Amino acid sequence: MSPATRAVGRTAGAGLRDNVRVRKVLIGAAAVTAALVVVAVGAVAVDYGSSIYAEYRLSCSVRKAANLRSDPFVAIVAFPFIPQAMRDHYNQLEIKANAVDHATVGEATLEATMYSVDLTHSSWLIGPHATLPVGKLESRIIIGSTHLGRYMGISDLMVEAPPRETNTATGGVTASGISDSHGLVFSGTPDSANFEHRVSVSVDLSIAPDDQATLVITPTGILTGPDTADQTVPDDKRDAVLRAFTTKVPNQRLPFGVAPKTEGARGSDVIIEGISYGVTVNLDGFKQS
């Protein structure tokens, strides 16, 4: 074998050994990466599972404390969750209970959103007797048009936000999408007025000055044209029709006793909302009426 041939062989052998080493390095790096991915996925799964369990326990606690028929929806808005639980502090949690028995309208939906929740005197698994200092509390009672219509004697009642707000980005004038309290559109057949046609009425909502738990519904006029029932009302029926859309709805106490600040519509629901800062709540105060 000539010297040139031997040199070529040595070069080829060295190249083969280098390729083997590169493959070993790549395989090792891939194994480390795979291990890190498994650890990361496992950590996320543990964090997510802990969050779900905490939400489940809180839902059960609210149901027991507030004497609800079923577990409410609960969301602890936290990722990662475990660091917040370890600090005894939740940034935000939400409670929503549908179809809650209501003495006046039959059923209502209750909502509460808490920000900066202090768990120092409780636990990351919030129990039914917990006392929770809260930085900010948003509280809502929501009455569907079906139940409100039955209370008013207007079985086909539909509620809409004021026309000027229907195309806004949030659907309303508040961060939670609640419309202004003036100029809502109530549509329905006012049987009590002996008027057998569906009409649309402009309505204002307010809270009774002598009782913060009473919602006042005050019609201001008959509406016709696009996006209404487009039904005129004879002069001799006008007052009776407007009276059919006039009412007071008592027992509208917000969760945790928050004072009402805003009344309006969202979708086809009437909503009363209140906001408080720096309060301490007990779960048995979620249902007030």
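Computed from a predicted model, the values in this text were never measured in an experiment. Throughout, numbering of the chain's residues begins at 1 and tracks the sequence.
Counting heavy atoms from C-beta on, the side chains of Leu137 and Thr113 never come closer than 4.5 Å. Residues Asp191 and Ile154 have side chains not in contact (no heavy-atom distance under 4.5 Å, counting atoms from C-beta outward). No side-chain heavy atom of His182 sits under 4.5 Å from any side-chain heavy atom of Pro162. For the pair Ile272 and Lys261, the minimum side-chain heavy-atom distance is 4.5 Å or more. By the 4.5 Å heavy-atom criterion applied to side chains, Lys287 and Val100 are counted as neighbours. Residues Ile207 and Thr214 form no side-chain contact, since every pair of their non-hydrogen atoms from C-beta on lies 4.5 Å or further apart. Lys96 has its side chain within reach of Thr109: a pair of non-hydrogen atoms, C-beta onward, lies under 4.5 Å apart. The shortest side-chain heavy-atom distance between Arg198 and Ser187 falls under the 4.5 Å cut-off.
A donor-acceptor contact shorter than 3.5 Å links the side chain of Asp118 to the backbone of Thr120. In terms of modelled atom types and a separation under 3.5 Å, the side chain of Tyr90 and the main chain of Trp124 share a donor-acceptor contact. Between the Arg57 side chain and the Gly127 main chain, no donor and acceptor come within less than 3.5 Å of each other. Here the side chain of Gln212 pairs no donor or acceptor atom with the backbone of Pro209 at under 3.5 angstrom. Thr246 places a side-chain N or O within 3.5 Å of a backbone atom of Leu242 that can act as its donor or acceptor partner. Between the side chain of Ser179 and the main chain of Ala265, a donor-acceptor pair closer than 3.5 Å is present. Although no hydrogens or angles enter the test, the distance criterion places no donor-acceptor pair under 3.5 Å between the side chain of Glu273 and the main chain of Pro260. Between the side chain of Asp230 and the backbone N or O of Gly225, at least one donor-acceptor pair lies under 3.5 Å. Checked by atom type and distance alone, the side chain of Gln252 pairs as donor or acceptor with a backbone atom of Pro250 at under 3.5 Å.
Hydrophobic clustering places Val281 together with Leu93 (ILVMFWY residues linked when any side-chain heavy atoms are closer than 4.5 Å, directly or through intermediates). No continuous path of ILVMFWY side-chain contacts below 4.5 Å connects Val203 to Met158, so the two sit in separate hydrophobic clusters. Transitive grouping of hydrophobic side chains (ILVMFWY, heavy atoms separated by less than 4.5 Å) brings Leu68 and Leu254 into a common cluster. Under a hydrophobic-cluster definition in which Ile, Leu, Val, Met, Phe, Trp and Tyr are linked whenever side-chain heavy atoms come within less than 4.5 Å, directly or via other members, Val185 and Phe245 are assigned to different clusters. Residues Tyr277 and Val117 are members of separate hydrophobic clusters, defined by side-chain heavy-atom contacts under 4.5 angstrom among Ile, Leu, Val, Met, Phe, Trp and Tyr.
Annotation: cation-pi geometry satisfied between Lys136 and Tyr115 (NZ/CZ under 6.0 angstrom from ring centroid, within 45° of ring axis).
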key: Criterion side-chain hydrogen bond (donor to acceptor under 3.5 Å, both in side chains) on Asn251 and Thr104, from CA distance to verdict   = CA-CA 7 Å; Asn251 297 318; Thr104 301; 2.8 Å; yes

query = How far apart are the C-alpha atoms of Thr220 and Ser202, what are their side-chain angles, what is the distance that settles it, and do they pass the side-chain hydrogen bond (donor to acceptor under 3.5 Å, both in side chains) test?
reply = CA-CA 5 Å; Thr220 59; Ser202 178; 3.1 Å; yes

request  = Given side-chain hydrogen bond (donor to acceptor under 3.5 Å, both in side chains), test Thr218 with Asp204 step by step and report yes or no.
outcome  = CA-CA 5 Å; Thr218 306; Asp204 292 347; over 6 Å; no

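Gln231 meets the side-chain hydrogen bond (donor to acceptor under 3.5 Å, both in side chains) test with no other residue; sequence neighbours excluded. Phe186 is linked by a ring-ring contact (aromatic ring centres under 6.0 Å, His included) to nothing, counting only residues two or more places apart in sequence or in another chain. Contacts of Thr189 classified as side-chain hydrogen bond (donor to acceptor under 3.5 Å, both in side chains), with partners at least two apart in sequence or in another chain: Asp156.
Within a 6.0 Å sphere centred on CG of Asp236, heavy atoms belonging to other residues, nucleotides or ligands number more than 12.
Ionic pairing of Arg69 and Glu107 is present here: one or more N-O contacts between side-chain nitrogen and carboxylate oxygen are shorter than 4.0 angstrom. A salt bridge does not link Glu196 to Lys237: none of the charged nitrogens lies less than 4.0 Å from a carboxylate oxygen.
The side-chain contact (heavy atoms from CB on, under 4.5 Å) with Val159 is formed by just one residue from the set Val270, Asp269, Ile271; it is Val270.
In this model, no donor atom of one side chain and acceptor atom of the other lie less than 3.5 Å apart for Ser200 and Thr228. One side chain, Thr131 or Asn282, offers a donor N or O that lies under 3.5 Å from an acceptor on the other.
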